[in-house]
Amino acid sequence: MAENNTNSNPEIKKANFIHAHIDADLAEGKNDCRVHTRFPPEPNGYLHIGHAKSICLNFGLAQKYGGKTNLRFDDTNPSKEETEYVESIMNDVHWLGFDWGDRLYYASDSFPKLHAFAIKLIKEGKAYVDDQDAETISEQKGTPQKSGIESPFRNRSVQENLDLFQRMTVGEFDEGSKVLRAKIDMTSPNMHMRDPIIYRIMKAHHHRTGDKWCVYPMYDFAHGQCDYWEGITHSICTLEFEVHRPLYDWFIDQLKDSDYRPRQIEFSRLNLTYTVMSKRKLLELVKDGHVNGWDDPRMPTVSGLRRRGYTPESIRNFSDKIGVTKVDGMTDVSLLEFSVREHLNKTAQRVMGVLDPLKVIITNYPEDQEEILSAVNNPEDESMGRRDVPFSNEVYIERNDFMEEPPRKFFRLGPGREVRLRYGYLIKCNEVIKDENGNITELHCTYDPESKGGKSSDGRKVKGVVHWVSAKHAVKSEVRLYDRLFSDETPDSHKDVDFKEFMNPDSLRIIENCYIEPFIKDSKALDHFQFERLGYFNMDPDSTSEKPVFNRTVALRDSWAKAQKK
RNA sequence: UGACCCGUGGUGUAAUUGGCAACACGUCUGGUUUUGGUCCAGAAGAGUCCAGGUUCGAGCCCUGGCGGGUCAACCA
């Protein structure tokens, strides 16, 4: 799996700053020299390419240091979480090539321990029940520039706090009427240390614990403790949690009873050009019907990329290429596209297909004759063998492979010009047939019988080689060309801009009547193809259509951006 | 008028205990080729946010600026 591919590429596996931290910890003999990471998604949406970076990082670190990685669902907020998401997340992690073994955890499994820990804090005078409403508490918290003031309920007796928290727990109070707070420091320069709320009343149905609980722990009160109980050594998260770290450490200090302690390390999340990466906004795209579900091939979700034709290996390689830092940057999506081209170029079978057919009649080829030509399946890999391609007197070529008045650097077909039909003969265009509106309907050409197999009778060379299919044999199919969902380079993922303004109206083009080589019917096992000169495609795994449906994974080159500039 | 974090070619990252700023993507040029792809060869492009300081020597250490990000959900 992953380890093979990373080891084989020396470019990858560069050390990053997290390796440096871990190396230092190991050198000091911390935590019995264990390395144990975790991937902790909240099951409130599908995983996207940003999560893939985190997955590759966490599992990759454990692989490198001979440690383990847990999968943990951070399900402390029942109002947002659903079982559907849990299942999709597990599928996606597996598809990416990683396995958590028997280490599947849910924060909700720790609710009893968390609750007991809260009671311990109350008994130690380190937590209290606050009766004020959200607005009042917020006001008393102050601002980053101005320190907060203490709640009038801050110094309730332990006995009263215990009683109130117990009654909160059994549902005696309304939502929002009381919270449990840690007693830390209302004057701290760090807002998160100003008596953070650790339990709130929520009478919601939880996807796993049902209606058992009326109080739920906050993220800050659950995450580090779960790390601790699972034996995590390095808790790797994104930069916005940096200011939470003192609180993370504070809770661990209250909890720990040995030398072992987990440590939070932050890295910068992935930002991609032309890509929206916030779950909230992706959910909006799905709910408002701008795309056909979370796994729409235009989505940056792992499942979308899979349907689009991305391979797990290409995503892992991408993740290694972009590295891990604390710099808040913007990665060009062409780097992701390069990764999949790089992989598919080596592995994808070449096939000929014509998206926009123009009929060519070869006038000197007998109408009732046909023959079999031999084509290479992958010029990079001889072991993939050859295949038979039928040829006859009528073929389709790509409409834009012909120009009536070719410009200077156009090497393909035009009146009186000669090109090679790939794997076949040289043909020369003698006549252009048009309908009454002047649209070209077909070409009449002659072929050179001596030119089969790359040769020519007199040694002449042609610069143009075009792909084609035999009109009599070709299979009609449907092709879906996907472009970027957004035309603006950076529809800011995490700020409140109306990203819909930037949506690309042509992000999906369905081309219904394409023609492809007939062999495809018998090649269900192969799912990635390079259609010669058109790009990489995969058979849509979810298609229910009679005829084959292909999604374009990525163009041969990054032509989209270039076309936009013009 | 706070605290914390971050500033290296267009982009993403490297640079042993300070030692000629390296790699990949992208761009451009040429070659091979039964695809304008692939492959091969080559080029341009930063002197490391700025200003001082320490040092024989600073991207790396120190000081002071500047710029960007994060933090004021009973979200994670």
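Just the heavy atoms: all of them, side chains too, but no hydrogens, waters or symmetry mates, feed the values below. Chain letters run A, B, ... following the sequence lines, proteins first, then strands; residues in each count from 1.
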Asks: Take atom C1' in B:G68 and the same atom in B:A73, then report the distance between them in whole Å.
Replies: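 Per the computed distance, 25 Å lies between those C1' atoms.
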Asks: Check salt bridge (Lys or Arg N to Asp or Glu O under 4.0 Å) between A:Glu84 and all other residues, then give those that pass, not counting sequence neighbours.
Replies: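 Expected list: none.
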Asks: With the 90 degree cut-off around zero defining syn, does B:G47 come out syn or anti?
Replies: syn
Asks: Could you work out, with ring-ring contact (aromatic ring centres under 6.0 Å, His included) as the rule, every residue matching A:His234, not counting sequence neighbours?
Replies: none
Asks: Starting the side chain at C-beta, find the nucleotide from B:U70, B:C5, B:U34 nearest to A:Val243.
Replies: B:U70
Asks: Hey, is B:A73 sitting syn or anti, using the within-90° cutoff around 0?
Replies: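 Syn conformation for B:A73.
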Asks: For A:Phe531 and for A:Ser268, locate the closest nucleotide of RNA chain B by heavy-atom distance; then report the residue assigned to the nucleotide nearer the 5' terminus.
Replies: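 Closest to the 5' end, via its nearest nucleotide, is A:Ser268.
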Asks: Classify the nucleic acid contact of A:Arg194 as base, sugar-phosphate or nothing, counting any heavy atom under 4.0 Å across all strands shown.
Replies: nothing
Asks: What distance, rounded to whole Å, do you find between the two P atoms, one in B:G7 and one in B:C60?
Replies: 12 Å
Asks: Quick one: list whatever passes side chain to side chain donor-acceptor pair (under 3.5 Å) with A:Asn378, sequence neighbours left out.
Replies: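 Side chain to side chain donor-acceptor pair (under 3.5 Å) check on A:Asn378 returns A:Arg350.
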Asks: When you measure from the side chain of A:Asp448 to the backbone of A:Leu426, do you find a donor-acceptor pair of N or O atoms at a distance under 3.5 Å?
Replies: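 Answer holds: no.
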Asks: Roughly, in whole Å, what's the span from CD in A:Glu139 to C1' in B:A72?
Replies: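 Interatomic distance, CD of A:Glu139 to C1' of B:A72: 12 Å.
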Asks: May I have the distance from A:Asn190 (atom CG) to B:G2 (atom P), rounded to whole angstrom?
Replies: 16 Å
Asks: Kindly give the atom pairs (protein nitrogen or oxygen, nucleotide nitrogen or oxygen) under 3.5 Å for nucleotides 74-76 of chain B.
Replies:
from: B:C74; atom 1: N4; to: A:Gln132; atom 2: O; distance (Å): 3.1
from: B:C74; atom 1: N4; to: A:Ala134; atom 2: N; distance (Å): 3.3
from: B:C74; atom 1: N4; to: A:Gly176; atom 2: O; distance (Å): 2.9
from: B:C75; atom 1: OP2; to: A:Arg200; atom 2: NE; distance (Å): 3.2
from: B:C75; atom 1: OP2; to: A:Arg200; atom 2: NH2; distance (Å): 2.9
from: B:C75; atom 1: O3'; to: A:Arg200; atom 2: NH2; distance (Å): 3.2
from: B:C75; atom 1: O2'; to: A:Asn77; atom 2: ND2; distance (Å): 3.0
from: B:C75; atom 1: O2'; to: A:Lys80; atom 2: NZ; distance (Å): 3.3
from: B:A76; atom 1: OP1; to: A:Thr76; atom 2: OG1; distance (Å): 2.7
from: B:A76; atom 1: OP1; to: A:Arg200; atom 2: NH1; distance (Å): 3.4
from: B:A76; atom 1: OP1; to: A:Arg200; atom 2: NH2; distance (Å): 2.9
from: B:A76; atom 1: OP2; to: A:Tyr219; atom 2: N; distance (Å): 2.9
from: B:A76; atom 1: O3'; to: A:Asp74; atom 2: OD2; distance (Å): 3.4
from: B:A76; atom 1: N6; to: A:His244; atom 2: NE2; distance (Å): 3.2

Asks: So, using salt bridge (Lys or Arg N to Asp or Glu O under 4.0 Å) as the criterion, who are the partners of A:Glu382 when residues are at least two apart?
Replies: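 Testing A:Glu382 for salt bridge (Lys or Arg N to Asp or Glu O under 4.0 Å), a comparison that skips the adjacent residues, returns none.
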Asks: Could you measure the distance from the NZ atom of A:Lys452 to the OH atom of A:Tyr425? Nearest 0.5 Å is fine.
Replies: 4.5 Å
Asks: Assign A:Ser79 to base, sugar-phosphate, or nothing according to its heavy-atom contacts below 4.0 angstrom with the strands shown.
Replies: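 Answer is nothing: A:Ser79 stays at 4.0 Å or more from every strand.
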Asks: Measuring from the side chain of A:Asn16 (C-beta onward, heavy atoms only), which nucleotide among B:U35, B:A14, B:A72 has the closest atom?
Replies: B:A14
Asks: Side chain to side chain donor-acceptor pair (under 3.5 Å) with A:His343: which residues, sequence neighbours excluded?
Replies: A:Thr311, A:Glu313
Asks: Let me know which of A:Phe173, A:Tyr216, A:Trp213 forms a side-chain contact (heavy atoms from CB on, under 4.5 Å) with A:Ile201.
Replies: A:Phe173
Asks: Run the side chain to side chain donor-acceptor pair (under 3.5 Å) test against A:Tyr248 and tell me which residues pass, sequence neighbours left out.
Replies: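 Only A:Asp227 meet the side chain to side chain donor-acceptor pair (under 3.5 Å) criterion with A:Tyr248.
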Asks: Counting heavy atoms from C-beta on, name the nucleotide in B:G26, B:U13, B:C6 closest to the side chain of A:Lys326.
Replies: B:C6
Asks: If you only use heavy atoms from C-beta on, which nucleotide in B:U8, B:G12, B:A24 is closest to the side chain of A:Lys321?
Replies: B:A24
Asks: In whole Å, I'd like the distance from the CG atom of A:Asp328 to the C1' atom of B:G67.
Replies: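 Taking CG of A:Asp328 and C1' of B:G67, I get 13 Å after rounding.
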Asks: Using the test salt bridge (Lys or Arg N to Asp or Glu O under 4.0 Å), find all partners of A:Asp75 that sit at least two apart in sequence or belong to another chain.
Replies: none
Asks: Would A:Glu230 and A:Arg38 pass as an ion pair if we require N to O under 4.0 Å?
Replies: no
Asks: Round to a whole Å and report the spacing from CZ of A:Phe338 to C1' of B:C23.
Replies: 12 Å
Asks: Rounded to whole angstrom units, what separation is found between the CG atom of A:Leu336 and the C1' atom of B:G26?
Replies: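 Checked: the CG to C1' distance equals 15 Å.
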Asks: Check the side chains of A:Asn58 and A:Ser54 for a donor-acceptor pair under 3.5 angstrom, ignoring hydrogens and angles.
Replies: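 Short answer, yes.
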Asks: Would you please name every residue forming a salt bridge (Lys or Arg N to Asp or Glu O under 4.0 Å) with A:Glu42, sequence neighbours left out?
Replies: none
Asks: For A:Leu335 and B:U13, give me the distance from atom CG to atom C1', rounded to whole Å.
Replies: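 Taking atom C1' of B:U13 as the reference, CG of A:Leu335 is at 10 Å.
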Asks: With 3.5 Å as the limit, what N/O pairs link the protein to nucleotides 29-33 of chain B?
Replies:
none

Asks: Have a look at A:Val462 and say if it touches a base, only the backbone sugar-phosphate, or nothing, with a 4.0 Å heavy-atom cut-off.
Replies: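 The answer is nothing, as A:Val462 stays clear of every strand by at least 4.0 Å.
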Asks: Figure out the CG/C1' separation between A:Asp185 and B:A3, and round it to whole Å.
Replies: 13 Å
Asks: Would you say A:Ser334 places a side-chain N or O within less than 4.0 Å of OP1 or OP2 belonging to B:G26?
Replies: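 Answer no for this pair, as no side-chain N or O of A:Ser334 is under 4.0 Å from OP1 or OP2.
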Asks: Please write out the pairs of protein N or O atoms and N or O atoms of nucleotides 37-46 of chain B separated by less than 3.5 Å, giving the distance to one decimal.
Replies:
from: B:U38; atom 1: O3'; to: A:Asn345; atom 2: ND2; distance (Å): 3.4
from: B:U38; atom 1: O2'; to: A:Asn345; atom 2: ND2; distance (Å): 3.3
from: B:U38; atom 1: O2'; to: A:Glu380; atom 2: OE1; distance (Å): 3.0
from: B:U38; atom 1: O2'; to: A:Glu380; atom 2: OE2; distance (Å): 2.8

Asks: How many whole angstroms separate atom CD of A:Glu342 from atom P of B:G12?
Replies: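 Distance check: A:Glu342 CD to B:G12 P gives 19 Å.
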Asks: Considering only NZ, NE, NH1 and NH2 on the basic side and carboxylate oxygens on the acidic side, decide whether A:Arg533 and A:Glu398 come within less than 4.0 Å.
Replies: no
Asks: Identify whether any heavy atom of A:Phe411 sits under 4.0 Å from a base atom; if not, whether one sits that close to sugar-phosphate; answer base, sugar-phosphate or nothing.
Replies: base
Asks: Convert the base pairs of RNA chain B into dot-bracket notation, remembering that pairs crossing earlier ones are written with [ ] and that bases paired across to another strand are shown as |; include only Watson-Crick or G-U pairs under 3.5 Å.
Replies: .((((((..((((.....[..)))).(((((.......))))).....(((((..]....))))))))))).....
Asks: Would you say the side-chain atoms of A:Thr169 and A:His115 include a donor-acceptor pair closer than 3.5 Å?
Replies: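 Present: a donor and an acceptor within the cut-off.
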